[in-house]
Amino acid sequence: MSRPVCVRMPPSPTGLFHVGTVRTMLFNWLFARGRGGRVVLRFEDTDVARSTEAAVEHAEAVLRWLGIDWDDGPYRQTQRYGIYQEAVEDLIAKGAAYRCYCTEEELAAERARRQADGRPLIYSGRCRHRPAAELEALAAQGRPAVVRLALPETGTTAIEDVVHGTVEWDNALQGDHVILRPDGSPTYQFANPFDDIAMGVSHVIRGEDLLPSTPRQLALYRALGAPEPTFAHLPMVLGPDKRKLSKRHGAISVEEFRDAGVIADALVNYLALVGWSYDDHTTYMTRAELVERFTLERVTRSPGVFDPEKLEWLNGEHLRALPPEAFAHELQNFLVAASSPLADRPERIAEAAPLVQEKMRVLGQFPRLAGFLFGPPERDPASWERVGRDERAPASLRAARTALAGVDPWRSDTIEAALHAACEREGTKPRVLFMPVRVALTGSTVSPGLYESLELVGRDESLARLDAALADLAT
RNA sequence: GGCGCGUUCGUCUAGCCGGUCAGGACGCCGGCCCCUCAAGCCGGAAACGCGGGUUCGAAUCCCGCACGCGCCA
C-alpha cells in the first residue's frame, strides 16, 4: 500500500487559471512537498479546439509566480496519442475494450426507449455482445467506430476516499464509456487515468466534481492490472451564489488577484484555508508552515465559498509581516509588472514603502496612497471640498506654512515639533489644523503619516503646495 | 430522470469514538488610541437545515424528510 508519493497537476490549457483549479493544484503540491513526493505537471490539451500554446506558457508562468513547482513534465497529452492508441489496441486484444459501431441516431433511439421504460440512461452494451460476424460486417461497411471500455456489469465498485470515506457505486448503473473517438483521439476518461498509471501517480487529489467518474476510471486500472491510487476528493470552491466557481463570478483568476497586488504567499495561505484547516484558530501561515502542516485527513467535506475580502485581509497581514526591504521589493516588482509610471523611481519607492506598509491590503493601493510623493498631488474632489467648507482652513495653512518655513533640519521629528507649536499658537487641535495641510500636500484626507510625508516631499515643494492651496482657496 | 456528495454565525472554519457558556477568523457594529486612514487593543450582534428516536445528557449516534450542489444523460 505504501509506495513513493507521486501527485499530478493536470490543467487544461484553455485560458486563465481560476482559484479553484489552483486550490486543487496547491493541495497536491503541499501534500507532495510535505512528504518528499514527486509532482508531475501534465497539460490535458486533448480539447484541441480550446487549448492554446499561449495558455500553456501562461499556466507555467502563473505556477512559477505562485511558487508551485514540479519535478516531472510538463507533459502534453496531444503528444502521446500514439501511446494511447497502442494501449487501446492491447485492451481490445485482451477483451477489456471493444469497438462500437452504434450511430448517434441509434444511441439516441436507445436512450429514448430507456427513458420511456424508466431505465437508467446508459449505453446498453449492444456492440459488446454483438456476434463477431455482425461486427465485421459493420466494419466492412466502413462505419466509424469508437472504442468503449468493458465495465463490470454486476456487483459494486467502491473506494476508500481519504476525505469522504467509503464511497460505493452500483456497476449495473455505469454503462460502457467511450475511451477512443473515431478520429483516434482519447477521451478524458481514458487519457487521465491512463497517464496517472503510466506516470506512477500514487495519490489522485482532485475536485469532488470528478468523484462520479471514479468507478469507470478504476475499471481501467483493473483492466491494466495497475496498482490503485489513493483517492482524495476535495470539496468544491464556490462563488457567492453557492455555485461552482466560474468566470461570471467576476474576479476569480489568479492573474486578477496578482494584478490587484495580492502576493503569492498570501494567495497560497488563503487558498489552503478553503477546504482545509490546521487547527481551531490558526489563519496566518507561511509557505513552509503550510508544507509542514498540511494533511489530507484535515480536509473538509463541505464545499466553501471563495471570499475575496478575507483574501485581501490576509494579504495585508502578509504585507505587514514582510521585512521592510522585502516589502519594498514586492512593491517595486509589482509596479514594474503593472507598468506603472512610478516604477522608474526605485529609490523613491524604497523611501515611500515604510510609510505605507501598515496601511495597505493590496499593492495596487500604492499609487493612490503615495502618488503625491512622486509628483504633484491629484486632488480628490471630496477631500478638497472639505477644505473649502472649513473656514479655518486658510489660517491653518498659513500657520503651518510659517512654522514649516523655519524648520531646520527638515526631518519628521522637527516637523512634528514645529507643527505642534503652531497648533498651540493657533489654539487649535492638531486634527483640525492638519486636515487642510494634509489635503494640500497629498490631495486627500486619507494619507500616510503627515510628518513623514512632509519630510519626503521636501521643504520647498511642501511650501509650494501649501501656497497653491492657499491661492486656490482665495478664489 | 438516475447516481453521488454535502448541510455549524452572512462567509471560512474548530468541535463530530455523547457532557464546552458551541471556540477562532473575515466582514459588520461600538469604543480606546490618535495627525487622516489603516494597524493595534477592548467590547458587541451573529450558527448546529427540519422531524423523530436512543440516552440522565446529542452539533456529535440511528431513522426519515427537506434543501443545495455535482456528475451522467
- Task: Send over the distance from Lys359(A) NZ to C34(B) C1', rounded to a whole Å.
- Result: 11 Å
- Taking only heavy atoms on the protein side, list every residue of residues 153-173 of chain A lying under 4.0 Å from any atom of RNA chain B, sorted numerically. His164(A), Val167(A), Glu168(A), Trp169(A), Leu173(A)
- Nucleotide by nucleotide, nucleotides 58-73 of chain B touches protein heavy atoms under 4.0 Å in the pattern (B base, S sugar-phosphate only, - none) -----------SSS-S
- Query: Should the pair Glu351(A)-Arg348(A) be classified as a salt bridge under the 4.0 Å nitrogen-to-oxygen rule?
  - Reply: yes
- For A58(B), which nucleotide in any strand shown is its Watson-Crick or wobble partner with both distances under 3.5 Å? none
- Note on the structure: Applying the 3.5 Å cut-off to both distances, the Watson-Crick or G-U partner of C71(B) turns out to be G2(B)
- Query: Between Tyr123(A) and Arg148(A), is there a cation-pi geometry (under 6.0 Å to ring centre, at most 45° from the normal)?
  - Reply: yes
- Contacts of Glu160(A) meeting side-chain hydrogen bond (donor to acceptor under 3.5 Å, both in side chains) (sequence neighbours excluded), chain-then-number -> Thr166(A)
- Message: Taking side chain to side chain donor-acceptor pair (under 3.5 Å) as the cut-off, I'd like each qualifying pair that reaches into residues 389-409 of chain A, sequence neighbours left out, listed once.
- Response: Arg401(A)-Asp467(A)
- Task: Could you tell me which nucleotide pairs with C41(B) by Watson-Crick or G-U wobble geometry, both distances under 3.5 Å, or answer none if nothing does?
- Result: G31(B)
- Message: Run the side-chain contact (heavy atoms from CB on, under 4.5 Å) test against Asp279(A) and tell me which residues pass, sequence neighbours left out.
- Response: His281(A), Thr282(A)
- Contacts satisfying salt bridge (charged side-chain N to carboxylate O under 4.0 Å, His left out) that involve residues 357-372 of chain A (not counting sequence neighbours) are none
- Query: Taking atom OG1 of Thr286(A) and atom CG of Asp265(A), what is their separation to the nearest 0.5 Å?
  - Reply: 8.0 Å
- Message: Parallel, tilted or perpendicular, judged at 30° and 60°: which one describes the rings of Tyr451(A) and His420(A)?
- Response: tilted
Write down the protein N/O and nucleotide N/O pairs, taken from nucleotides 14-18 of chain B, whose separation is under 3.5 Å; answer none if there are no such pairs.
residue	atom	partner	partner atom	Å
A14(B)	OP1	Ser277(A)	OG	3.2
G15(B)	OP1	Arg298(A)	NH1	3.2

- Task: Select from Thr445(A) and Gly275(A) the residue whose nearest nucleotide in RNA chain B is closer to the 5' end of that strand.
- Result: Gly275(A)
- Message: Students often get this wrong, so: under 4.0 angstrom with heavy atoms, is Tyr270(A) touching a base, only sugar-phosphate, or nothing?
- Response: nothing
- Task: Output all residues satisfying side-chain hydrogen bond (donor to acceptor under 3.5 Å, both in side chains) with Glu168(A), sequence neighbours left out; order by chain, then residue number.
- Result: Thr156(A)
- Item | Exercise: do Tyr188(A) and Asp47(A) side chains pair donor with acceptor under 3.5 Å | no
- Nearest-Å distance for atom pair CG/P, residues Leu273(A) and C26(B): 12 Å
- Spacing of Met360(A) atom CE relative to U36(B) atom C1', expressed in whole Å: 17 Å
- Query: Who are the salt bridge (charged side-chain N to carboxylate O under 4.0 Å, His left out) partners of Arg143(A), not counting sequence neighbours?
  - Reply: Glu106(A)
- Task: State whether Trp276(A) and Arg298(A) meet the cation-pi test: NZ (Lys) or CZ (Arg) under 6.0 Å from the six-membered ring centroid, and within 45° of the perpendicular axis.
- Result: no
Tabulate atom names and distances for all N/O pairs under 3.5 angstrom spanning the protein and nucleotides 42-50 of chain B.
none

- Task: Looking at every strand, decide which applies to Ser302(A) at a 4.0 Å heavy-atom threshold: base, sugar-phosphate, or nothing.
- Result: sugar-phosphate
- Task: Select base, sugar-phosphate, or nothing to describe what Arg119(A) touches, counting heavy atoms under 4.0 Å on all strands.
- Result: nothing
- Query: Looking at Tyr278(A) versus Phe294(A), is the centre-to-centre ring distance below 6.0 Å?
  - Reply: no
- Find out whether the Lys NZ or Arg CZ of Arg33(A) is both under 6.0 angstrom from the six-membered ring centre of Phe31(A) and within 45° of the ring's axis. no
- Side chains of Asn171(A) and Thr157(A): donor-acceptor distance under 3.5 Å anywhere? yes
- Could you give all pairs that pass the ring-ring contact (aromatic ring centres under 6.0 Å, His included) test and reach residues 315-335 of chain A, with sequence neighbours left out? Tyr284(A)-His318(A)
- Message: Mind checking if Glu317(A) touches a base, just sugar-phosphate, or nothing, with heavy atoms under 4.0 Å?
- Response: sugar-phosphate
- Item | Nucleotide paired to G51(B) in any strand shown, Watson-Crick or G-U, under 3.5 Å | C63(B)
Atom pairs, N/O to N/O, protein against nucleotides 27-30 of chain B, distance under 3.5 Å?
residue	atom	partner	partner atom	Å
G27(B)	OP1	Arg361(A)	NH1	3.1
G27(B)	OP1	Arg361(A)	NH2	3.1

- Pairwise C1' distance, U60(B) and C48(B) [rounded to whole Å]: 10 Å
- Query: Within the structure, does a side-chain N or O atom of Arg438(A) lie under 4.0 Å from either OP1 or OP2 of U36(B)?
  - Reply: no
- Out of C34(B), C5(B), A39(B), minimum distance to the side chain of Arg431(A) belongs to C34(B)
- Taking atom OG1 of Thr103(A) and atom CD of Glu105(A), what is their separation to the nearest 0.5 Å? 4.5 Å
